[in-house]
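Worksheet: one structure, shown below.
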Amino acid sequence: MTFTTRPEIRGTFGVVTSTHWIASATGMGVLERGGNAFDAAVATALVLQVVEPHLNGPAGDMPAIFQKAGEAAQVICAQGPAPEGATIAHYRDQGLELVPGSGLLATVVPGAFDGWMLMLRDHGSIGLRHALTPAIDYARDGHPVLPRVANTIAGLVEYFAEEWPSSAEVWTPGGAAPEPNALFRNPDLARTYERLVEAGEAAGEDRVAQIDAARSEWREGFVADAIGDYLAKAEVHDVSGAKHRGVLTRKDMAAWRASYEAPLSYDYHGWTVHKTQAWGQGPVLLQALAILKHHDLGAMDPKGAAFVHTVIEAMKLAYADREAYYGDPDFSEVPMEHLLSEAYNAERAKLIEPEASHDQRPGRVPGFEAQADAYIARATRDFGAADAAPQEPTMAHLTEKRGDTVHLDVIDRWGNMVASTPSGGWLQSSPVVPGLGFPLNSRAQMFWLEEGLPTSLAPGRRPRTTLTPSLAEHEDGRRLVFGTPGGDQQDQWQLIWFLRLVHHGLDLQEGMDAPLFHSMHFQGSFYPREAKPGEMMIEPAFGDDVIAALEARGHIVHVAEPWTVGRLTAAMRDPDGMLRAAATPRLMQAYAVGR
């Protein structure tokens with residue numbers, strides 16, 4: 001018998017799972033009152049902005065992959081693009097080689113709020129006030145602040161006071177960080193959302209008109225005005241060590257809308273897995289599956305050295321192609337058909353040898369060889385920022401001062417399902433916009449200040465983000481939504497969990513509780529963009545023998561603190577209507593609920 005830290009949640013009415021128990025309970029409350037999965041996802045997400053402000057915010061970014069019952073899967077892209085003034089020449093004129101990982105130059109057009117309103121308008125059933133009220137209440141009346149939030153703020157009290165006074169007003173009221181688990185309030189954020197509701201209701205009683213009015217107020221009304229007024233004068237310190245002004249304008253905000261796209265899909269052992277297009281890193285999971293299809297994972301111990309080694313080596317190959325070829329398909333040709341082809345991945349699979357590779361090995365795609373060469377050159381280059389902290393973490397074994405991400409999965413009684421991985425707008429990465437109660441995002445750090453790359457900084461281009469929710473359908477009728485925070489590790493942890501589900505029959509919660517690992521071999525997506533050839537991290541629960549066997553194969557193994565790798569959540573609908581959900585026990589804040 002397999003023991004887990006908590007039961008796999010089962011029921012038929014609805015399930016909600018997210019990275020914070022209050023948000024999960026909020027979403028379930030929406031389902032209980034008759035809302036559908038889309039209503040619940042919006043309410044859950046807005047509460048996550050309040051209770052996990054170190055991980056996401058209203059001015060962040062949001063990809064969602066969803067499926068209405070009986071229809072094809074779709075993607076909402078709420079990843080804002082680079083502003084009109086975000087040119088390589090401008091950033092180079094500031095003396096920069098990299099886009100800073102914090103501050104105002106790192107900001108792209110805020111996307112999350114518009115994305116959630118698009119989902120609510122087109123697929124939800126509840127009104128604007130119903131959707132925003134839980135977030136307003138928690139921001140106005142208070143919520144028990146997570147110890148990790150309190151510790152993050154505590155480490156920044158002096159910095160906020162000296163460099164970002166608008167952040168000090170919100171996060172350190174009275175000049176001190178909140179105590180862990182104390183009630184914490186953000187009245188400015190509550191008022192911002194209340195004003196958006198009021199602007200919507202001024203448009204009349206029609207729910208669609210109200211939602212559209214709130215979207216307009218965000219991008220062209222008081223929110224855009226507050227952001228525009230602040231950025232017109234602000235010059236703030238960032239991780240580069242200097243002060244810079246931002247380039248985002250009212251015009252940039254007014255011109256952008258969240259949008260729908262078809263997902264990118266791949267068939268693997270009876271499952272069709274859907275991910276975002278290559279403006280996100282999602283296709284890297286599909287590439288890893290295409291490589292691993294040529295290895296007998298089912299014959300391997302899912303907690304053994306052979307499994308870990310094979311999966312790590314496949315990740316290295318897939319992520320090398322991510323760095324060489326991925327980018328906004330609206331601006332660059334991405335050879336995705338070739339990268340997912342059977343012949344290409346059969347050859348890639350042959351590169352997995354008994355010994356660990358320490359080389360960066362992007363594939364040689366005909367006509368795109370220069371991009372592979374450019375990646376190898378970047379991955380071995382010293383950008384002079386080795387002592388700078390990465391701006392998105394690899395979980396709790398790292399410091400408290402970095403941003404991260406949240407995730408949610410929802411399935412309702414009708415079979416509608418949503419997976420989303422909101423991020424950005426972290427309290428520690430950008431100063432609060434005065435009067436609004438939230439900071440801007442720092443997603444532009446994922447661009448390169450070099451011409452000719454699919455990820456070169458350019459006005460209107462989406463950054464190649466790491467945000468990557470998943471939706472999968474089995475030929476027997478099972479349907480699954482899943483995901484995790486974690487930056488570059490998101491598709492690594494999801495891949496491991498999914499492989500154990502497919503090949504070893506672990507249920508949702510067993511897969512959450514099983515020990516995890518990830519590679520740090522390839523170039524990171526976040527400032528200072530380091531590559532650590534041959535390095536990997538593993539949880540100690542694998543055991544000394546497995547760790548020693550990996551080291552004998554040539555891996556440079558870092559053993560994490562127990563229970564600190566991965567923040568997965570997932571939900572599934574069986575063909576008979578049974579719903580299942582699970583959430584990781586790590587950090588003791590993610591929870592699945594349902595009935």
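Atoms considered below: every heavy atom in the structure, side chains included; atoms not considered: hydrogens, waters and symmetry mates.
- When all heavy atoms are compared, the tightest approach of T421 to T405 is CG2-CG2, 3.3 Å.
- When atom types are taken as modelled, the side chain of D409 and the backbone of T17 share no donor-acceptor pair closer than 3.5 angstrom.
- Taking the side chain as every heavy atom from C-beta outward, I136 and R191 never approach each other to under 4.5 Å.
- Using a 4.5 Å cut-off on side-chain heavy atoms (C-beta onward), T19 and P485 make contact.
- Here the closest non-hydrogen pair linking M446 and P463 is CB-CB, 4.2 Å.
- Taking the six-membered ring for Trp and the full ring otherwise, the centers of F498 and H269 sit at least 6.0 Å from each other.
- Applying the side chain to side chain contact (heavy atoms under 4.5 Å, CB included) test between V15 and each of V481, V593, L579 identifies L579 as the sole match.
- For the pair R219 and F113, the NZ or CZ position fails the cation-pi test of under 6.0 Å to the six-membered ring centre and within 45 degrees of the ring normal.
- In this structure, the ring of F438 has its center less than 6.0 angstrom from the ring center of W218.
- Within the 4.5 Å cutoff, the side chain of L104 has heavy atoms near those of the L231 side chain.
- Applying the side-chain contact (heavy atoms from CB on, under 4.5 Å) test to D212 and every residue at least two apart in sequence or in another chain returns R121, V208, R215.
- A distance of 6.0 Å or more separates the ring centres of H274 and F66.
- With D574 as reference, R580 is the one residue of R580, R479, H474 to meet the side chain to side chain donor-acceptor pair (under 3.5 Å) rule.
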